[in-house]
Asks: 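Here it is, the structure in full.
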Amino acid sequence: MGRSPCCEKAHTNKGAWTKEEDQLLIDYIRTNGEGSWRSLPKSAGLLRCGKSCRLRWINYLRPDLKRGNFTDGEDQIIVKLHSIFGNKWSLIAGKLPGRTDNEIKNYWNTHIKRKLLNHGIDPKTHRSINEPKTAPFQDVKSTFLKTKTSSESGASTSGTTIDEDLRLSTDGGRAVAG
DNA sequence: AACGCAATCAACCGCCTTCAC
DNA sequence: GGTGAAGGCGGTTGATTGCGT
């Protein structure tokens, strides 16, 4: 007895979006705005699940998305926020204008996670893998940040708040992204 | 040049939360 | 207050691309 599917799967496309589908979605949202994702596909002439439309719009089609590589500042903010919020990607994304939860999640899993592990830090707990009892996560986190800072970015993050970092990051990000 | 492997990214699935009735 | 529908979120998967052998 599973729950009822969110849409008529037999009549919906799956997989990569085509340019035509993207355009239909963009045109529809520009005209009608976001909302009522369930009925959107039908109204927009799309053979897609409403959830799929929402995801596509939020993650790739929204005009305010930054795209491109993450800056060092963003990198550090993500680590900081993750140490506070855990895998609450939408919360973290909310602190990073122009970034989506999916993007951050992917970036975490592919880049940051590995970096932390290379530094001997458990990405789940932000504690040292070797010395779990003696190394408070704050210390380990700052160790990572310092190491990263000195070796990669040259920008100091010590003593700054998340908001300050954010400001620096987004300013820098725009400057870099152009 | 061809093949295999690893890394990356886009998309889907299913659960949880919120909201309207 | 209970119920169902819809939206939102996080985890996971599959396809594609890049790199090394």
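None of the values given here were measured: they were computed from a predicted structure.
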Asks: Any side-chain N or O of A:Arg114 under 4.0 Å from OP1/OP2 of B:dT8?
Replies: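 Result: yes.
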
Asks: So what does A:Asn59 touch, heavy atoms closer than 4.0 Å: a base, only the sugar-phosphate, or nothing?
Replies: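 Counting heavy atoms under 4.0 Å across all strands, no contact is made by A:Asn59.
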
Asks: Quick one: is A:Thr110 getting a side-chain N or O under 4.0 Å of the B:dA7 phosphate, OP1 or OP2?
Replies: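 No, because none of the side-chain N or O atoms of A:Thr110 sits under 4.0 Å from OP1 or OP2 of B:dA7.
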
Asks: Hey, could you give me the CG/CG distance between A:Asn13 and A:Leu46, rounded to the nearest 0.5 Å?
Replies: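 One finds 8.5 Å between CG of A:Asn13 and CG of A:Leu46.
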
Asks: OP1 or OP2 of C:dG7 versus the side-chain N and O atoms of A:Arg38: is any pair under 4.0 Å?
Replies: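 So the side-chain polar atoms of A:Arg38 never come under 4.0 Å of the phosphate oxygens OP1 or OP2 of C:dG7.
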
Asks: Between P on C:dT16 and CG on A:Asn106, what's the gap in Å once rounded to a whole number?
Replies: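 Roughly 17 Å, once rounded to whole Å.
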
Asks: In this structure, how many angstroms lie between the C1' atom of B:dA10 and the CZ atom of A:Arg56, rounded?
Replies: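 Atom CZ in A:Arg56 sits about 8 Å away from atom C1' in B:dA10.
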
Asks: Mind calculating the distance between OH (A:Tyr60) and C1' (B:dC12) to the nearest angstrom?
Replies: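 In whole Å, B:dC12 C1' and A:Tyr60 OH are 12 Å from each other.
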
Asks: Can you check whether A:Leu55 reaches A:Lys51 side chain to side chain, under 4.5 Å on heavy atoms?
Replies: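 No, every pair of side-chain atoms sits at 4.5 Å or beyond.
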
Asks: Could you point out which residue of A:Asn87, A:Leu91, A:Asn59, A:Leu96 forms a side-chain contact (heavy atoms from CB on, under 4.5 Å) with A:Asp101?
Replies: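 In the set A:Asn87, A:Leu91, A:Asn59, A:Leu96, the residue that makes a side-chain contact (heavy atoms from CB on, under 4.5 Å) with A:Asp101 is A:Asn59.
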
Asks: OP1 or OP2 of C:dG8 versus the side-chain N and O atoms of A:Arg54: is any pair under 4.0 Å?
Replies: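 So the side-chain polar atoms of A:Arg54 do come within 4.0 Å of the phosphate oxygens OP1 or OP2 of C:dG8, strictly under.
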
Asks: Could you check whether atom CG of A:Asn69 has more than 12 heavy atoms from other residues, nucleotides or ligands sitting under 6.0 Å from it?
Replies: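 It does not: A:Asn69 CG has 12 such atoms or fewer within range.
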
Asks: Round to the nearest Å and state the distance from A:Asn109 atom CG to C:dG14 atom C1'.
Replies: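 The distance from CG of A:Asn109 to C1' of C:dG14 comes to 15 Å, rounded to the nearest Å.
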
Asks: Any heavy-atom pair between the side chains of A:Cys53 and A:Trp17 that's under 4.5 Å?
Replies: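 Sidechains of A:Cys53 and A:Trp17: in contact.
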
Asks: Could you write out DNA chain B as dot-bracket? Rules: Watson-Crick or G-U wobble, both distances under 3.5 Å, brackets [ ] for crossings, | for pairs with another strand, dot for unpaired.
Replies: .||||||||||||||||||||

Asks: Atom CG of A:Asn13 and atom C1' of B:dA10: how far apart are they, to the nearest Å?
Replies: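 Atom CG in A:Asn13 sits about 16 Å away from atom C1' in B:dA10.
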
Asks: Taking atom C1' of B:dA11 as reference, at what distance in whole Å does atom NZ of A:Lys51 sit?
Replies: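 Value for this atom pair: 13 Å.
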
Asks: Indicate whether OP1 or OP2 belonging to B:dC12 is found under 4.0 Å from a side-chain N or O atom of A:Ser52.
Replies: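 Result: yes.
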
Asks: State whether the side chain of A:Arg54 and the backbone N or O of A:Gly50 hold a donor-acceptor pair below 3.5 Å, judged by distance alone.
Replies: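 Between the backbone of A:Gly50 and the side chain of A:Arg54 there is no qualifying donor-acceptor contact (under 3.5 Å).
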
Asks: Round to a whole Å and report the spacing from CG of A:Asp101 to P of B:dA10.
Replies: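 So the CG-P distance, A:Asp101 to B:dA10, works out to 13 Å.
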
Asks: Does C:dG10 have its OP1 or OP2 closer than 4.0 Å to a side-chain nitrogen or oxygen of A:Ser90?
Replies: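 Yes.
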
Asks: Any side-chain heavy atom of A:Leu116 sitting closer than 4.5 Å to one from A:Trp108?
Replies: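 A side-chain contact under 4.5 Å exists here.
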
Asks: Less than 4.0 angstrom between a side-chain N/O of A:Asn87 and OP1 or OP2 of C:dG11, yes or no?
Replies: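 The answer is yes; a side-chain N or O of A:Asn87 sits under 4.0 Å from OP1 or OP2.
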
Asks: Is any side-chain heavy atom of A:Ile112 closer than 4.5 Å to one of A:Tyr107?
Replies: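 Touching, per the 4.5 Å side-chain cut-off.
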
Asks: Identify whether any heavy atom of A:Lys88 sits under 4.0 Å from a base atom; if not, whether one sits that close to sugar-phosphate; answer base, sugar-phosphate or nothing.
Replies: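 Sugar-phosphate only.
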
Asks: Look at A:Trp108 and C:dG10 and indicate whether a side-chain polar atom (N or O) is within less than 4.0 Å of OP1 or OP2.
Replies: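 Answer no for this pair, as no side-chain N or O of A:Trp108 is under 4.0 Å from OP1 or OP2.
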
Asks: Between C:dT12 atom P and A:Trp89 atom CH2, what is the distance in whole Å?
Replies: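 After rounding, the gap between these two atoms is 12 Å.
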
